[in-house]
2 protein chains.
Amino acid sequence: MLNARTAHTTIKDIAKQLGVAPSTVTKALKDYPDVSEGMKEKARGLAKKMGYLPNSVAQSLQSGETTTIGVIVPEIKHHFFSAALDGIEEVAFKEGYSIFVCKSNEDYEREVINTRNLLSHFVAGIIVSISQHTKDVGHFIDVQARKIPLVFFDRVSDEIAANKVVVDDRAGASSAVAHLIESGYKRIAHLAGPDYLNISKERLKGYAAALKKAGIPFNADYLIYGGFDEEDGVHGFKRLMKLRPRPDALFCVNDPVALGVLLECKKRKVRVPEELAVVGFSDNPVVSQIDPPLTTVAQPAYEMGAVAAKMLLQQIRHGNGDFVPEVIKLKTKLMIRKTT
Amino acid sequence: MLNARTAHTTIKDIAKQLGVAPSTVTKALKDYPDVSEGMKEKARGLAKKMGYLPNSVAQSLQSGETTTIGVIVPEIKHHFFSAALDGIEEVAFKEGYSIFVCKSNEDYEREVINTRNLLSHFVAGIIVSISQHTKDVGHFIDVQARKIPLVFFDRVSDEIAANKVVVDDRAGASSAVAHLIESGYKRIAHLAGPDYLNISKERLKGYAAALKKAGIPFNADYLIYGGFDEEDGVHGFKRLMKLRPRPDALFCVNDPVALGVLLECKKRKVRVPEELAVVGFSDNPVVSQIDPPLTTVAQPAYEMGAVAAKMLLQQIRHGNGDFVPEVIKLKTKLMIRKTT
DNA sequence: TTACAATACGAAAACGTTTTCGTAAAAGAG
DNA sequence: CTCTTTTACGAAAACGTTTTCGTATTGTAA
């Protein structure tokens with residue numbers, strides 16, 4: 001195995017060249033008051049000449065702190081998460097922090113391993129969007145027990161008191177359904193996500209609230225639970241089409257599900273939005289390009305990441321002994337296109 | 001600032017509890033042969049009970065190695081890069097490595113800072129896709145001078161000898177055009193990119209090669225240079241439609257250009273693929289979802305990341321004193337859909 | 001019994017950095 | 001000139017881990 005050590009200049013090397021002690025070099029480079037100007041200049045000059053870079057591993061061990069924050073997301077390549085990562089990186093970079101990026105792959109076991117890994121690397125804090133299959137949050141409780149700042153975004157858990165950044169799912173869902181009602185649709189169905197996940201629950205609540213507000217009775221047949229993928233849309237759609245009367249509008253828990261529905265509509269020659277209106281959630285880049293362009297609820301992914309990072313950094317800096325967990329709800333935006 | 005140290009169990013803590021020396025605990029936990037079974041069991045038990053996690057910062061300092069690889073990309077949220085990151089993470093995770101993700105934001109200065117940062121963190125190796133505005137590659141030369149393994153992907157530099165992963169643009173273009181020829185199209189036009197860029201040149205060469213191989217004479221009227229955006233597709237399409245005889249097929253330098261063409265086709269009621277076949281390049285997630293789904297040349301973004309990571313890990317493990325830089329050209333894959 | 005090998009553990013040093021404390025030498029005050 | 005202060009540096013310990021070497025105890029063979 002390659003040993004990087006051989007190739008790096010250390011403070012000791014500089015000290016040796018200068019004929020002084022390592023501590024003097026440290027102090028010179030860090031501009032301590034008890035080092036002469038002459039020594040400081042010599043140290044700086046030689047450090048530059050020798051290409052000295054501080055060994056942050058050693059610094060971290062010494063100080064007991066790192067300038068690294070860990071991030072765990074279910075997927076990297078999905079637009080929502082990569083945009084959020086982008087926001088996190090941006091804020092972290094500006095504050096002098098680096099980010100460890102881990103993907104849980106929607107797998108509970110892997111999420112646990114990732115968490116342990118980050119703790120092992122002594123990250124200053126962790127930002128998480130939990131996996132679809134995570135029911136037990138013991139590993140996050142453990143993070144908090146170790147006094148490591150922890151912030152959740154988007155996929156949060158109710159079972160844990162921590163800083164969270166979410167989107168106002170309920171209001172977003174509500175506005176989408178309200179828009180359907182205003183457009184004259186009467187029999188509005190909902191393809192919901194897994195019932196133990198917060199975003200599913202919130203979006204369902206928004207759906208129900210909008211119906212209630214308009215005086216439309218809730219019809220249990222029109223509520224179908226499923227997952228977050230295209231096939232879940234296909235599957236849900238098939239079940240709904242068997243109902244009589246058929247729904248005339250469909251609010252989907254997210255865009256892929258809506259995409260699955262549209263796919264199936266095309267296959268079965270169901271006209272959108274005349275026979276069936278469809279609304280998604282997220283505003284993935286795809287959905288504005290398809291035909292017909294999908295009406296959907298836009299989530300500020302980049303901003304969510306940025307806000308989560310800011311919360312985490314504040315927690316890191318102010319300590320988290322006395323902090324009171326806070327939930328920041330970001331506003332969604334209804335993008336009205338051609339499927340409604 | 002928060003001091004994480006207070007909250008963590010160390011080997012010393014375990015040793016104290018057990019009334020033995022730290023070295024014994026290390027050896028017990030690492031299953032050294034010169035420790036009794038009884039001691040090993042006690043150590044393992046207590047470690048688990050106390051929630052011991054190895055401090056990898058200390059391990060790195062001790063061994064002079066980290067299990068971290070650094071990645072620098074121009075953007076995180078673009079699909080190509082996030083898919084590549086996904087591939088990198090997947091391979092790294094399986095091999096026990098974590099990834100530092102840095103975004104250069106297409107900014108040279110920031111790329112330099114990112115590089116320094118990674119070196120400072122003693123990463124085991126670095127994977128880079130360089131920024132659009134990077135002309136000087138001194139910072140990467142510096143990485144090599146420090147004997148840190150370095151792999152480029154997609155956006156590579158000719159001025160530096162290193163492992164690289166790119167896509168075979170020429171072969172990809174050629175296969176796309178060959179497919180058009182096999183499908184019976186005779187008058188195949190090409191909307192090319194800027195003539196000074198490598199990918200434009202390569203794709204054009206592939207186009208020309210496929211025509212030549214099929215014995216179809218090259219028609220200069222059927223070659224139109226433009227940019228990489230949707231409007232370039234619209235513009236090129238308009239020019240082509242004035243020609244007599246009109247082309248019956250169109251190979252576009254990338255997907256957005258093809259999207260522009262399809263848009264204009266729809267507007268003018270040109271039937272695709274009956275009157276005009278269209279092929280793109282990249283396989284952006286959008287293009288499989290539109291109607292009709294676009295035939296295009298897929299670039300294996302995820303695989304590029306994965307291959308880059310594998311190359312890097314090999315370099316890390318086998319040392320890079322004697323290695324000969326290699327350029328891996330990945331095959332593209334023709335995604336035949338409904339526009340041809 | 002004597003000699004020797006095996007077993008099981010501990011002490012200490014090292015990785016690179018920082019920080020505290022100590023102390024020579026120089027400078028200043030009286 | 002003496003005493004005190006300031007200046008400028010060094011020594012040493014520490015962060016948590018690993019590894020090498022040394023050694024006391026036990027077991028085995030002749």
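Each chain gets a letter, A, B and so on, in the order its sequence line appears, and its residues count up from 1. Only a predicted model underlies this, so the values are computations on that prediction, with no experimental measurement involved. Scope of the values below: all heavy atoms of this structure, side chains included, with no hydrogens, waters or symmetry mates.
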Checking B:E326, B:Q315, B:Q314 against B:N163 for side-chain hydrogen bond (donor to acceptor under 3.5 Å, both in side chains), the one that qualifies is B:Q315
With B:T66, which residues qualify under side-chain contact (heavy atoms from CB on, under 4.5 Å), at least two apart? A:V57, B:S60, B:T68, B:F122, B:A124
Pairs satisfying side-chain hydrogen bond (donor to acceptor under 3.5 Å, both in side chains), at least one member in residues 24-34 of chain A, at least two apart: A:D31-A:K40
List the atom pairs, with distances to 0.1 Å, where a side-chain N or O of residues 69-82 of chain B and a protein N or O form a donor-acceptor pair under 3.5 Å, not counting sequence neighbours.
{"residue": "B:S82", "atom": "OG", "partner": "B:H78", "partner atom": "O", "Å": "3.4"}
{"residue": "B:S82", "atom": "OG", "partner": "B:H79", "partner atom": "O", "Å": "3.3"}

Between A:K42 and A:E37, does any NZ, NE, NH1 or NH2 come within less than 4.0 Å of an OD or OE carboxylate oxygen? no
Within the 3.5 Å criterion, strictly below it, is a donor on A:E111 or A:H139 matched to an acceptor on the partner's side chain? yes
Side-chain N,O (A:Q62) to OP1/OP2 (C:dT19) below 4.0 Å: no
Counting only side-chain nitrogens and oxygens, does B:K30 get under 4.0 Å of the OP1 or OP2 atom of D:dT19? no
Rounded to whole Å, please give me the gap between NZ in A:K16 and P in C:dG16. 10 Å
Footprint string (nucleotides 6-11 of chain D, 5' to 3'): B base within contact, S backbone only, - free, heavy atoms under 4.0 Å: --BBBB
Taken to the nearest whole Å, CD1/A:I11 to P/C:dT19 is 11 Å
Rounded to whole angstrom units, what separation is found between the CD atom of A:E65 and the C1' atom of D:dG16? 16 Å
Measure from CG on B:N55 to C1' on D:dC15 and round the result to the nearest Å. 8 Å
Angle between the two end axes of the helix from C:dT1-D:dA30 to C:dG30-D:dC1, five base pairs per end, rounded to 10 degrees? 60°
Any salt bridge between A:R110 and B:E89, counting N to O under 4.0 Å? yes
Any pair counted as salt bridge (charged side-chain N to carboxylate O under 4.0 Å, His left out), so long as it reaches residues 121-142 of chain B, sequence neighbours left out: B:D142-B:R146
Establish, with yes or no, whether the OP1 or OP2 oxygen of C:dA8 is under 4.0 angstrom from a side-chain nitrogen or oxygen of B:Y32. no
Quickly work out the B:D31 CG to D:dT19 P distance and round it to whole Å. 14 Å
Do the side chains of A:K48 and A:E41 get close enough for a salt bridge, i.e. N-O under 4.0 angstrom? no
Candidates D:dT18, D:dG16, C:dT17 - which lies nearest the side chain of B:L61: D:dG16
Protein-nucleotide distance (B:L53, atom CG; D:dT17, atom C1'), rounded to Å: 14 Å
Quickly work out the B:K12 NZ to C:dA12 P distance and round it to whole Å. 14 Å
